[in-house]
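What follows is a set of notes on a single structure, which appears directly below.
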Amino acid sequence: MKFLRVNMTERTVKEEEVQEKYSKMGGRHLTSCLVADEVPPLCHALGPNNKIVIAPGVVTGTSAPSSGRLSVGGKSPLTGGIKESNAGTPFSQRLGRLGIKAIIIEGLATEGLWMLKVDKDGAELISAENLKGKGMYETADTLFKEYPLKNSSLMGIGPSGEKRMAMAGISFNDPEGRPSRYAGRGGLGAVLGSKGLKAIVVNDAGAPGVSIQNIDLFKQGQKKLVEAIRTHDLTKPGGALNSFGTAILINVLNEVGGLPTRNFSSGQFKGASKTSGESIAEKVKERGGAGMMGHGCHPGCIIRCSNVYPAADGSEIVSCVEYESDWAFGANCEIDDLDTIAKLIYHCNDIGLDTIEAGVTVGLAMEAGVISFGDGNGAIDLLDQIRTGTSLGHILGNGAEFTGKAYGLTRIPTVKRQAMPAYEPRAVKGIGTTYITSPMGADHTAGYTITTEILSVGGQADPLDPKGKVELSKAFQTATAFIDASGYCLFIAFPILDISDGMEGMVETINGVLGTNWTVSDVGRIGMDILSIENDFNAKAGFSKEDDRPPEFMRYEPLPPHNVVFDITDEELDKIWK
Amino acid sequence: MITIEAALFATLRTYNPNGESSEPFRVQLPEGSTIENLLKKLNIPPGESKQAFVNNRRQEWDYILQEGERVAIFPPIAGG
């Protein structure tokens with residue numbers, strides 16, 4: 001196992017041995033620890049002292065099911081705090097098989113635009129001037145012609161990252177080579193842009209594979225986990241995620257009054273049903289052609305929640321229309337046409353944008369009167385302005401909070417300057433607590449209490465009741481930090497919360513790879529260690545408990561249909577990390 | 001008798017009496033009927049439904065329905 005250290009100032013790449021301290025870490029654990037150890041918390045996120053760390057999870061690259069995740073870490077130009085952004089992609093599996101525990105990118109290129117080429121023999125920086133200003137689809141086409149998909153995967157930034165905009169994400173390819181899998185959140189694409197790194201291509205031909213310390217234990221755990229995933233109603237073949245995709249949530253969130261609508265001014269959208277997972281599945285069935293449900297973001301996924309959304313003539317518009325992106329441009333912007341939503345997602349993928357930040361920002365532009373709510377073509381024009389970098393495009397490209405301030409708005413749905421995802425904190429208070437207290441800023445994946453509050457999986461909690469939500473969010477946040485380090489998809493949480501054998505199996509696969517003797521009770525402890533590292537970085541970067549607060553309007557503006565405000569007190573919120 | 005509005009989602013859409021859809025429809029039931037009675041009337045086999053929401057709040061299967069209420073019924077679903 002090794003680290004690759006890429007210095008953009010000196011234009012050098014060095015292989016380093018992994019120090020003992022980092023040897024049992026992967027994914028988020030490793031990115032957050034390396035960022036905390038090497039990045040000065042008060043540095044400018046786009047300056048020479050910030051770094052980007054890319055790390056596959058512990059089991060990524062093995063045959064463990066649904067484990068093709070990686071973490072990207074750094075100081076966020078959006079939040080000003082530590083960031084871990086996560087994606088599922090074959091890129092992560094190739095890194096794992098090459099024995100690369102992390103790529104650390106530091107310094108700033110003084111001139112030119114570069115790409116990093118990685119294979120079993122080493123790595124080198126080569127010119128990427130030919131890709132300057134190119135969208136991710138053209139970038140992927142160009143690179144996969146030279147580095148065929150059979151052995152190669154791609155990571156890259158679009159024009160928004162090159163322009164150092166705070167909503168720029170990092171794109172990775174899916175199994176068919178689409179640049180559609182994003183470590184989207186927190187503007188890490190802008191950090192790569194500041195460094196002058198356009199892309200990384202990794203080729204794993206002849207790779208040694210992931211070293212497994214105890215193969216019998218690994219196989220035993222793998223079997224238990226596969227069984228849990230394949231039998232649970234939510235994750236089994238033909239189950240909810242596989243048949244309808246994540247946008248199956250649109251109708252249920254609308255039903256409970258928790259689907260943020262018209263820039264977080266209501267919890268219900270009249271057009272919800274037209275944008276639902278059911279409608280996506282119907283369109284895929286009717287239109288045929290390139291359309292498909294049950295698409296996977298990486299080989300070896302047995303959940304397969306992604307999709308390919310077709311146009312009326314059967315040609316592909318985009319992969320994929322998932323819940324958050326669908327909502328961000330759908331209910332949040334009051335656009336009820338799936339074809340338009342799919343086109344907006346395509347533009348985000350091409351420009352290199354986080355769809356959540358982009359959708360919430362467009363919603364704010366609608367509230368400001370730049371365009372009208374429901375204006376799909378106007379929304380596409382705004383994204384084009386981000387692509388070309390007009391003055392308005394630069395305002396929008398810096399995210400929801402920046403845009404809201406530029407237009408003097410007060411209803412700005414952000415925490416720590418990051419836009420809220422697709423669940424209303426006033427109507428679903430546990431997820432609101434996660435948004436408010438996560439070191440990442442507003443992030444649903446950081447502690448997905450929706451599981452018990454809305455889905456009745458792993459227990460049941462009343463979404464409107466403020467009681468017990470701080471404890472609930474803390475439990476989810478700690479378990480999630482561990483899963484983010486493992487390399488497993490967060491969706492394995494659904495089966496392993498209900499099936500204890502599956503939980504054991506997950507831990508056994510990790511012990512098998514690392515040679516550790518962790519038990520299920522270590523999950524929370526290690527998760528808490530990760531969160532402490534992140535919270536400590538944020539404190540040194542200038543964050544205090546006053547940053548763990550909801551946007552003020554959610555305290556005084558009742559949300560229909562329940563007409564409730566966010567009523568978990570500041571004192572309660574402050575207990576979470578004590 | 002009471003009249004309620006029902007809506008069925010995801011795999012349960014096939015039990016919509018007007019054809020496979022998540023569009024809401026009206027159902028007449030004797031007074032005092034529960035959500036469980038509604039499931040039987042719609043021929044939804046036991047175990048296929050996971051949760052029911054009445055006027056935007058989750059309720060148990062033995063909840064007694066009132067005139068004009070909206071009932072939304074879901075199978076096990078997830079996302080994120």
Side-chain angles (χ1 to χ4, degrees), chain A residues 232-236 238-241 243-258 267-268 272-273 276-279 281-282 303 305 322-324 326 421-423 427 444-445 448 450-451 453-457 460-464 489-491 493-495 498 560-562, chain B residues 3-27 29 34-36 38-39 42-80:
Chain A
H232 196 274
D233 279 334
L234 299 178
T235 50
K236 67 188 181 186
L241 281 166
S243 302
F244 297 102
T246 58
I248 191 68
L249 290 183
I250 294 274
N251 280 324
V252 74
L253 263 302
N254 194 54
E255 202 61 44
V256 301
Q268 287 186 321
S273 178
S276 65
E278 291 93 326
S279 292
E282 281 165 15
I303 300 173
C305 67
E322 59 86 37
Y323 175 63
E324 305 294 333
D326 185 11
Y423 313 86
H444 62 298
T445 66
Y448 195 64
I450 297 302
T451 308
E453 290 184 287
I454 304 296
L455 308 174
S456 297
V457 174
Q460 206 171 67
D462 177 358
L464 292 167
C489 171
L490 201 47
F491 287 172
F494 297 124
D498 281 339
H562 295 293
Chain B
T3 304
I4 58 114
E5 183 183 273
L8 308 175
F9 294 97
T11 46
L12 300 182
R13 290 172 303 152
T14 53
Y15 299 103
N16 185 322
N18 302 329
E20 184 172 344
S21 163
S22 49
E23 284 297 306
F25 53 94
R26 283 166 189 274
V27 184
L29 293 163
T34 63
I35 300 173
E36 201 165 10
L38 172 66
L39 294 180
L42 296 173
N43 301 314
I44 301 175
E48 283 200 24
S49 40
K50 169 99 177 172
Q51 309 192 82
F53 298 88
V54 180
N55 290 357
N56 313 127
R57 285 178 183 259
R58 182 166 45 217
Q59 300 293 353
E60 300 301 321
W61 303 120
D62 60 0
Y63 175 88
I64 296 169
L65 294 163
Q66 307 293 322
E67 172 69 28
E69 286 184 325
R70 174 185 165 94
V71 188
I73 304 167
F74 291 84
I77 56 165

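Residue numbering restarts at 1 for every chain, and letters A, B, ... go by the order of the sequence lines. This is a predicted model, so every value here is computed, not measured.
The distance from the CD1 atom of A/Ile454 to the CD atom of B/Gln51 is 8.0 Å, given to the nearest 0.5 Å. Note that CG of A/Asp233 and CD1 of B/Ile77 are 12.0 Å apart. Values are rounded to the nearest 0.5 Å. Atom-to-atom distance recorded for B/Arg13:CZ and A/Asn251:CG is 9.0 Å, nearest 0.5 angstrom. Rounding to the nearest 0.5 angstrom, the gap separating the CZ atom in B/Arg70 from the CD atom in A/Glu255 is 4.0 Å.
Between A/Ala461 and B/Arg58, the shortest heavy-atom distance links the atoms O-NH2, 2.7 Å. Taking each heavy atom of B/Ala78 and A/Leu234 in turn, the nearest pair found is CB-CD1, 3.6 Å. Shown here for A/Leu249 and B/Gly80, the closest heavy-atom pair between the two residues is CD1-N, 3.5 Å.
Listed options A/Val252, A/Leu241, A/Ile450, A/Ile248 were ranked by heavy-atom pairs under 4.5 angstrom with chain B; first place goes to A/Val252.
Within the 4.5 Å cutoff, side-chain heavy atoms of A/Val256 are placed close to those of B/Phe53.
Only the side chain of B/Phe74 comes within contact range of chain A, with at least one heavy atom under 4.5 Å from a heavy atom of that chain. Using a 4.5 Å cut-off between heavy atoms, A/Ser273 contacts chain B through its side chain alone, with no backbone atom that close. Contacts of A/His232 with chain B are absent, with no heavy-atom separation under 4.5 Å from either backbone or side chain.
Crowding of B/Glu67 atom CD: a count of heavy atoms from other residues, nucleotides or ligands under 6.0 Å exceeding 12.
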Check against side chain to side chain contact (heavy atoms under 4.5 Å, CB included), B/Asn56 and A/Gln268: CA-CA 10 Å; B/Asn56 313 127; A/Gln268 287 186 321; 3.0 Å; yes
- request: Go through B/Thr11 and A/Phe244 one step at a time and tell me if the side chain to side chain contact (heavy atoms under 4.5 Å, CB included) criterion holds.
  value: CA-CA 9 Å; B/Thr11 46; A/Phe244 297 102; 4.0 Å; yes
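Inspection of the B/Ser22 and A/Glu278 side chains reveals no N or O donor paired with an N or O acceptor under 3.5 Å.
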